[in-house]
Amino acid sequence: MSGRFAPRPTRTTVRGGHVAVPGGTRGGAPGGAAGVVPRQTAGPGHVRTWTPDGPLDLGLVLGPLRRGPGDPTFRTTPDGSVWRTSRTPAGPGTLRVSARGGEVRGEAWGPGADWLLDRLPELLGAADDPGAFEPRHRLVALARHRRPGLRLVRTGLVMESLIPSVLEQKVTTDEAYRAWRLLVRKFGEPAPGPAPERMYVMPAPRTWALIPSWEWHRAGVDDKRAGTILRAVRVAARLEEAVGFDPVGAQRRLELVPGVGPWTSAEVVQRSHGAADSVTVGDLHLPGIVGYALAGDRDADDSVMLELLEPYAGQRHRAARLILLSGRTPPRRTPKMPRTDIGLL
């Protein structure tokens, strides 16, 4: 039944890292009918194919990397492909990933093409072990049953997750997504290869460092968040070294930057390391969602959330994602967090 009647996306499931891939997978099984391939504007890219050892849902695996529907570094297309851009150690690159008949095909362009294809299996969760997870609650077990293709992404890159995570500090997601979109489009560079229109590669660290103060203001980014990003890009090389650390050590390295706390560092290593146990603490909504889903406690705080997730030690982030993807969320009883656009002040 779960394969035929997949749950409808909600705001909570989207926050759990679900992206609808047109013509793509249902129920987590690779496959889907081919659609219209985007018009080619460059030569063929480098190609790699890979066969995962189990169900793989591209929308679930890569979904956490998308920063809003207008993210200029991430796109899904009608042919069922997921496109993303990255600034790799070898330079900018564009990656197109598609799944057909149990096989994944990656095609990449730009100086970073080989780097992206070398790490394609790891990006799609080859190093992840979903079988190590044992549900302790009926809701979690049902969510896993409905999402068999969930694996934890691992990008091997720190800054591309750190900067948008800083932009998301203490503001609404709409404000953060708008800031990311405006800054990347204005100061990034066009995506290499035949990428869909208006796709860009995020700016290099030096470019971030040279963004004038008024441009941060126009993008709605306050001085505190802008200052944190500027401090981070000055030590970008040292932060990227954290990819070689375990997730706990990586979080410690990231938190040496003033303005980067446990919330931000967890959001980064969940993507850069595929960290199955890194829980996002300090979040405005997550404790209440977890508390409500597992214990009917909509007023749960971080300590209660961590206590409820204790049976999933070693897999707490995966458990939290499954709870988000279940769509079970407490009814809203207060107004949404107000949006404040400092660019209009």
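Not measured: the values here are computed from a predicted model. Numbers here simply count residues along the sequence, with the first being 1.
- Not counting sequence neighbours, the partners of Glu134 by the side-chain contact (heavy atoms from CB on, under 4.5 Å) test are Arg136.
- Although no hydrogens or angles enter the test, the distance criterion places no donor-acceptor pair under 3.5 Å between the side chain of Ser326 and the main chain of Ala143.
- Residues Phe187 and Ile211 have side chains in contact (heavy-atom distance under 4.5 Å, counting atoms from C-beta outward).
- Contact of the Arg198 side chain with the Arg185 side chain is registered, since non-hydrogen atoms from C-beta on lie closer than 4.5 Å.
- For Ser278, the side-chain hydrogen bond (donor to acceptor under 3.5 Å, both in side chains) partners at least two apart in sequence or on another chain are Gln251.
- For Pro92 against Arg87, the heavy-atom pair with the smallest separation is CD-NH1, 4.1 Å.
- Ser81 and Arg96 share a side-chain donor-acceptor pair at under 3.5 Å.
- Looking only at side-chain heavy atoms (C-beta outward), Leu62 and Val21 stay at 4.5 Å or farther from each other.
- Side-chain contact between Phe245 and Arg253: present, with at least one pair of heavy atoms (C-beta onward) separated by less than 4.5 Å.
- The side-chain heavy atoms of Val290 and Asp297, taken from C-beta on, include no pair separated by under 4.5 Å.
- The ring pair (Phe, Tyr, Trp, His ring centres under 6.0 Å) check on His137 picks up Tyr312, with sequence neighbours excluded.
- In terms of the side-chain contact (heavy atoms from CB on, under 4.5 Å) criterion, residue partners of Leu306 (sequence neighbours excluded) are, by chain and number, Val279, Val281, Arg316.
- Annotation: side-chain hydrogen bond (donor to acceptor under 3.5 Å, both in side chains) contacts of Glu160 (sequence neighbours excluded): Arg84, Ser86.
- Across all their heavy atoms, Asp283 and His285 have their closest contact at OD2-N, 2.9 Å.
- Under the rule for a side-chain contact (heavy atoms from CB on, under 4.5 Å), the partners of Arg144 that lie at least two apart in sequence or sit in another chain are Phe133, Pro135, Leu322.
- For the pair Leu58/Leu56, a side-chain contact is recorded, criterion being any heavy-atom separation below 4.5 Å from C-beta on.
- In this structure the side chain of Val166 reaches within 4.5 angstrom of the side chain of Thr264, judged on heavy atoms.
- Listed by chain and residue number, nothing satisfies the salt bridge (charged side-chain N to carboxylate O under 4.0 Å, His left out) test with Glu240 (two or more places apart in sequence, or in another chain).
- By the criterion of side-chain heavy atoms lying less than 4.5 angstrom apart, applied directly or through intervening Ile, Leu, Val, Met, Phe, Trp or Tyr residues, Tyr177 is not grouped with Ile229; the two fall into different hydrophobic clusters.
- Transitive grouping of hydrophobic side chains (ILVMFWY, heavy atoms separated by less than 4.5 Å) keeps Tyr292 and Leu324 in distinct clusters.
- Closest heavy-atom contact between Ser303 and Asp301: OG-OD1, 2.7 Å.
- Residues Glu267 and Ser161 bring no donor and acceptor atom of their side chains to less than 3.5 Å of each other.
- We find the CZ-CG distance between Arg154 and Leu124 to be 13.5 Å, quoted to the nearest 0.5 Å.
- Between Leu152 and Asp128 the shortest heavy-atom distance is N-OD2, 3.0 Å.
- The heavy-atom pair separating Arg67 from Ser165 by the smallest distance is NH2-OG, 3.5 Å.
- Between Val304 and Ala300, the shortest heavy-atom distance links the atoms CG1-CB, 3.6 Å.
- Among residues two or more places apart in sequence or in another chain, the salt bridge (charged side-chain N to carboxylate O under 4.0 Å, His left out) test is passed with Asp71 by none.
- Val257 pairs by the side-chain contact (heavy atoms from CB on, under 4.5 Å) definition with Arg231, Ala232, Val235, Leu239, Val260, not counting sequence neighbours.
- With sequence neighbours left out, Arg48 forms a salt bridge (charged side-chain N to carboxylate O under 4.0 Å, His left out) with no residue at all.
- Residues passing the side-chain hydrogen bond (donor to acceptor under 3.5 Å, both in side chains) test with Arg238 are Glu241, sequence neighbours excluded.
- Partners of Lys224 according to the salt bridge (charged side-chain N to carboxylate O under 4.0 Å, His left out) rule, which considers only residues two or more places apart in sequence or in another chain, do not exist here.
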